[in-house]
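Contents: one structure, followed by commentary.
All values derive from a computational prediction rather than experimental measurement. Only heavy atoms go into these numbers, but all of them, side chains included; no hydrogens, no water, no symmetry mates.
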Amino acid sequence: MRLLEYEAKEIFRRYGIRTPEGVVCRTPQEAREAVAKLGSSVIKAQVPVGGRGLAGGVKFAESPDEAYRLAGEMLSKEIKGSRVELLLVEKKVCVSRELYLSLTVDRASRSLVYIASKIGGVEIEELARKNPESLVKLNTNPYIGFSPYIARTIASFIGLPAEAWGEVERILAGLYRIMVDYDAELVEINPLAVDCSGSLIALDAKILVDDNSLFRHPDLEKLKYRELTSEERSAREKGFTYVSLDGYIGVIGNGAGLTMATMDLIEYYGGKPANFLDVWSGGGASRDRVKEAVRLLLENPRVRVVLVNIFGGMTRCDEVALGVKQAIEETGSKKPVVVRLMGTNQEEGVRILREAGLLVYEDVDEAVRRAVEISRGGGV
Amino acid sequence: MRLLEYEAKEIFRRYGIRTPEGVVCRTPQEAREAVAKLGSSVIKAQVPVGGRGLAGGVKFAESPDEAYRLAGEMLSKEIKGSRVELLLVEKKVCVSRELYLSLTVDRASRSLVYIASKIGGVEIEELARKNPESLVKLNTNPYIGFSPYIARTIASFIGLPAEAWGEVERILAGLYRIMVDYDAELVEINPLAVDCSGSLIALDAKILVDDNSLFRHPDLEKLKYRELTSEERSAREKGFTYVSLDGYIGVIGNGAGLTMATMDLIEYYGGKPANFLDVWSGGGASRDRVKEAVRLLLENPRVRVVLVNIFGGMTRCDEVALGVKQAIEETGSKKPVVVRLMGTNQEEGVRILREAGLLVYEDVDEAVRRAVEISRGGGV
Amino acid sequence: MIAGKNTRVLVQGITGKEGSFHTKLMLEYGTRIVAGVTPGKGGSTVHGVRVFNTVREALRETGGVDASVVFVPARAAYDAVLEAVENDIKLIVVVTEGIPLLEELRIVHYAKLKGVTIVGPNTPGLIVPGETKLGIMPANYYKPGVVAVMSRSGTLSYEVAWQLSRSGLGVSVAIGIGGDPVTGLDFIEVYNMFLEDPKTRYVVLVGEIGGDLEERFAKYYSGLAEKKPVVAYIAGRSAPREKRMGHAGAIISMGLGDYESKVKALTESGIPVARKVSDIPSLLKGLGV
Amino acid sequence: MIAGKNTRVLVQGITGKEGSFHTKLMLEYGTRIVAGVTPGKGGSTVHGVRVFNTVREALRETGGVDASVVFVPARAAYDAVLEAVENDIKLIVVVTEGIPLLEELRIVHYAKLKGVTIVGPNTPGLIVPGETKLGIMPANYYKPGVVAVMSRSGTLSYEVAWQLSRSGLGVSVAIGIGGDPVTGLDFIEVYNMFLEDPKTRYVVLVGEIGGDLEERFAKYYSGLAEKKPVVAYIAGRSAPREKRMGHAGAIISMGLGDYESKVKALTESGIPVARKVSDIPSLLKGLGV
């Protein structure tokens with residue numbers, strides 16, 4: 001889960017990382033008052049997505065009136081699917097240099113990795129592509145995290161004077177403590193500015209919290225669906241891993257890989273998936289979960305046909321079959337449902353579905369081809 | 001440095017480890033009042049040495065008057081060279097079982113090690129000898145320290161019911177946090193009692209703090225000479241590693257091993273060392289340090305002859321020679337001084353000492369034999 | 001191979017719903033499960049397997065094990081795996097899904113330093129058809145054969161195994177490396193095990209979008225002098241960018257991990273990529289072995 | 001041997017008083033010091049050796065090193081050694097005395113897991129007479145010869161080396177394992193290095209009271225099929241119990257580590273123990289080689 005900039009900055013300050021003076025605003029009037037108090041400011045849309053600058057989510061205001069106008073424009077926007085409801089108005093900082101700093105997980109070495117760059121304000125992916133020589137990466141043992149040599153190595157690489165090393169040390173130690181205390185996957189300062197007095201200040205702040213650790217952070221857990229569409233949110237609240245897509249064939253699978261492969265196969269045979277829905281959740285797919293999943297898709301108006309693809313490991317096919325059957329009975333939907341069923345108690349599952357008059361296949365290609373046909377108006 | 005029991009117990013309580021209700025007393029009257037309040041109690045001398053029980057430092061008092069009497073006796077005692085100035089009066093605990101728990105450093109595996117025993121109240125050395133099957137040792141990575149499986153393993157080994165596992169977990173986690181927060185070498189609870197209600201309670205408490213880490217603990221650092229004799233204390237305050245012995249040949253060496261070997265050689269040739277004094281302290285022995293060391297021994301009435309044995313690595317012989325010479329000049333002492341000098345700038349050092357009329361040797365056996373001879377009344 | 005008929009197995013979390021269910025299936029398959037652990041349940045039995053409170057007791061009472069399969073719930077899994085590592089179990093299959101990332105990272109990093117092999121977390125485990133199964137895959141879809149399967153996903157690898165089995169090629173060994181961003185094994189390490197395995201003649205890599213495991217494998221593979229031929233399948237061609245598709249591992253970001261990048265890297269290294277799972281057997285046969 | 005003529009050496013803490021002094025002596029001895037590190041002093045030189053701010057820069061600019069000698073003060077030593085370990089330096093000689101115990105324990109434990117050899121802490125270092133010196137011992141007392149010396153103490157080992165040198169036996173290599181309770185190497189590990197060294201024909205073990213390093217070595221030695229003969233000397237016969245004699249390591253406690261226990265263990269394993277240092281050469285010669 002991605003924290004909003006202002007939330008991440010609150011945390012930064014608590015860990016001794018300096019950020020610009022700022023005010024969180026909900027209305028153009030609040031933005032006007034903020035700029036009246038702060039002077040020249042930057043107004044930033046608080047949305048849990050990247051790349052908001054290009055999407056008009058970052059503007060400079062020289063006067064309170066300009067702030068009022070810009071805030072009004074921004075608060076009526078949607079940025080990459082997220083409605084803008086909050087703005088962060090921050091006093092403009094005199095900047096002499098922009099840098100990049102982050103701490104994240106390096107999959108390849110199974111380590112934590114500090115990444116720093118002499119160039120800030122650019123997305124790290126782009127930096128890695130265009131200016132790899134501006135970057136330094138330092139792997140560190142995840143039990144150790146920060147040690148002062150890391151700060152010296154980074155400060156020396158970036159070319160900061162020795163007077164600034166202590167500040168770099170405090171910031172990097174802070175990143176590690178934030179990562180541990182908030183179970184973050186990524187803590188990023190981009191850009192980290194050297195201000196005109198030579199001090200370091202975080203102009204932006206990004207914290208991604210590990211979803212698997214949210215149980216330890218009840219205050220964050222309640223925010224966890226905020227970056228989702230309402231359709232996704234209601235599916236997630238039912239416990240499914242769900243992503244909305246723009247097609248018309250509803251997809252239910254067990255396991256992320258199998259569900260993606262099912263979507264891919266729909267495209268291969270010329271159809272368009274309406275969603276990704278993985279019923280799996282650790283302990284296998286129970287009857288009730290399958291029922292809820294099928295209901296969700298039957299009730300989705302974009303969905304012309306529901307394709308269920310279950311290859312059971314922990315999942316038992318008879319339970320799946322009963323879930324599908326009950327969903328259809330309870331909704332009374334006439335929408336066609338195609339089921340591919342393999343695994344534990346397969347015979348019993350097939351029997352239940354056949355008795356309910358559903359299309360059941362063992363071969364996944366056949367099942368997908370049939371679903372695509374139906375979605376194009378082919379008979380059931 | 002060893003904390004006193006009551007100091008260690010204060011720390012224990014802060015880390016969630018239960019200890020008996022108690023009062024620290026300085027006078028028999030305070031002990032009387034404490035027992036009047038607590039009822040049947042145990043009175044324990046607060047001295048930084050082990051084995052006080054056999055030395056009369058632990059007594060039970062059933063009544064305030066008995067407490068007054070026992071406290072009076074104890075406060076007039078010296079236990080293993082330590083004057084008893086403080087008593088801990090603790091309410092007697094109803095005990096159903098006594099156990100042993102500690103966390104320390106395992107040299108062989110370069111790990112931390114949790115040690116637990118089904119038998120408590122006995123010294124661990126004796127336990128290891130007599131009841132090794134009552135002990136369990138669990139090594140743990142010093143970056144990880146405690147993890148709950150350690151508590152389960154120990155609790156299960158000791159045979160505590162599952163209801164008590166949570167308590168064991170809290171105590172063992174506490175030992176590790178104490179070790180880290182106080183830079184301890186050893187944190188020990190012996191005995192840890194199961195009280196008559198089945199709860200765990202620390203009847204005694206031992207924390208040894210690493211001397212090399214005292215700079216991080218200014219409140220503890222000021223206590224660091226408390227367990228030394230006054231002679232040792234004044235030498236340590238001058239920065240020497242010093243141990244008083246009961247002989248009459250003053251020994252100064254550089255490096256602990258060489259100084260011990262010099263003592264051993266004195267005994268080999270029939271003499272008795274008066275002390276262990278290592279002038280080394282990291283950066284080699286400077287002129288002033290040598291001067292102070294020689295002065296200290298010249299002024300010690302037990303010392304009949306001073307033997308200086310320097311084999312220089314970081315230490316420069318010319319500096320040593322000047323230090324020895326100045327000490328003699330400044331004290332005006334007529335006590336004989338025998339010097340064995342090897343190492344960096346040796347020729348210059350030898351010249352300085354010969355000019356001052358001192359006995360200088362290259363061969364350590366010769367130097368020691370000469371010092372022993374002189375101590376027995378042989379001429380200089 | 002990493003495990004076989006004689007591998008002595010411990011099951012951690014054996015009394016839980018999944019642990020107990022899959023212990024039964026593993027025993028039926030012939031896996032030599034010699035002990036189970038569930039704290040507080042010591043003294044009981046599960047499908048005839050003795051249960052202990054701690055790994056230490058289990059090892060003392062049964063004379064040691066070669067591997068552990070972990071079904072312990074996510075919140076306690078770190079501690080359970082650490083317990084196995086510190087008790088010198090050299091192969092640990094972590095079925096558990098949803099372990100906090102930092103705990104996962106720490107235990108995987110530490111196990112690697114200690115020379116302990118972790119399969120997973122979030123893995124269906126491993127199977128050597130006809131010999132042993134340390135995990136949860138439906139064994140009846142794995143017929144003994146000549147193709148080794150390494151996979152990031154669970155159910156999708158069952159599908160692949162089934163296609164191989166019904167095509168007559170069969171499976172020599174299948175290892176799920178796990179669907180999380182951090183895993184004990186990567187494709188390179190698993191492939192090196194397959195190179196040592198006399199029964200394995202071909203390898204199927206089942207990847208998915210996200211991360212750069214496939215790209216790193218492709219690079220490694222292209223530099224090898226001696227190799228066993230590999231066919232790949234990558235799931236997620238139709239998935240949108242920057243959305244997490246179920247697996248924490250399956251997110252495309254940092255300019256890494258999209259479908260095209262993986263297919264390009266694999267193809268350029270001489271690894272054919274199947275457009276659909278059912279094409280895998282014919283691609284393998286087309287390699288002309 | 002662990003180091004030789006061609007060993008490329010980094011000095012950490014090179015601009016300090018000790019670091020600079022001993023860099024000069026090492027260079028004079030012929031040690032190939034290729035770089036130094038002192039944070040904030042990058043760009044300067046010490047006796048002609050280039051100084052860098054960080055180990056990473058030193059390695060990049062000089063093409064790598066085989067070993068580092070650390071003179072960094074105790075409070076910063078942990079971080080400096082960690083910096084060397086994480087930059088993959090495989091041999092680290094830690095001269096620094098007085099490092100906090102838990103930091104010492106952590107870094108030594110971690111280095112061992114990573115396969116990095118730490119000599120020390122609190123060691124005079126190591127010398128291969130006539131080839132190289134990574135440390136602070138007075139080299140003129142070490143004549144090339146056939147006896148390897150392993151020691152817990154510093155100056156006492158110089159004394160031993162001198163006795164060997166003037167007796168004509170000479171020193172093939174001398175390693176100070178360090179005087180602290182926790183060290184990177186123990187006598188067993190150092191002895192195994194000596195077994196591999198063609199120049200070494202005899203070994204002298206210089207021990208002292210405290211700990212059980214000598215007892216563990218004796219036990220190990222007695223179980224060896226092929227060995228090079230060992231003579232031991234143990235300091236501290238006259239030291240009282242439960243008093244710390246300078247070295248943090250030299251305290252007798254936990255029923256371990258008294259003089260008699262060590263002498264008994266060594267003698268029973270067939271290792272003669274010299275009553276005084278000057279007896280060592282004749283004991284060696286008495287072994288009749």
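Using a 4.5 Å cut-off between heavy atoms, B:A128 does not touch chain D at all. Using a 4.5 Å cut-off between heavy atoms, B:Q346 touches chain D through its side chain atoms alone. Only the side chain of B:D365 comes within contact range of chain D, judged by heavy atoms closer than 4.5 Å. Interface remark: B:N141 contributes backbone and side-chain atoms alike to the contact with chain D (heavy atom separation under 4.5 Å). At a 4.5 Å heavy-atom cutoff, the contact between B:L112 and chain D is made by backbone and side-chain atoms alike. Interface remark: B:V180 contributes backbone and side-chain atoms alike to the contact with chain D (heavy atom separation under 4.5 Å).
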- Message: Between B:E185 and B:T104, does the side chain to side chain donor-acceptor pair (under 3.5 Å) criterion hold? Intermediate values first, please.
- Response: CA-CA 6 Å; B:E185 294 175 4; B:T104 187; over 6 Å; no

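Comparing D:H109, D:E103, D:R216, D:E104 by heavy-atom pairs within less than 4.5 Å of chain B, the highest count is held by D:H109. Chain B forms the most heavy-atom pairs under 4.5 Å with one residue out of D:I234, D:L213, D:I99, and that residue is D:I99. Counting heavy-atom pairs closer than 4.5 Å to chain D, the top-ranked of the candidates B:E362, B:E126, B:K272 is B:E362. In terms of non-hydrogen atom pairs under 4.5 Å with chain D, the most contact-rich of B:S213, B:G247, B:G50, B:S109 is B:S213. Interface remark: of the candidates D:T183, D:N140, D:L113, D:T183 forms the most heavy-atom pairs closer than 4.5 Å to chain B.
In this structure, B:E366 does not pair ionically with B:R340, as no charged nitrogen and carboxylate oxygen lie closer than 4.0 Å. Taking 4.0 Å as the cut-off between side-chain N and carboxylate O, B:R107 and D:E214 do not count as a salt-bridged pair. One finds no salt bridge joining D:E208 and D:K262 here, because no Lys/Arg side-chain nitrogen approaches an Asp/Glu carboxylate oxygen to under 4.0 Å. Taking the charged nitrogens against the carboxylate oxygens, D:E215 and D:K219 have no contact shorter than 4.0 Å, which rules out a salt bridge. Between B:D363 and D:R166 a salt bridge is recorded (basic side-chain N to carboxylate O distance below 4.0 Å).
Using cut-offs of 30° and 60° on the angle between ring planes, the pair B:F311 and D:W162 is perpendicular.
Outside the 6.0 Å centre-distance limit, the rings of B:Y242 and B:F276 are not counted as a close aromatic pair.
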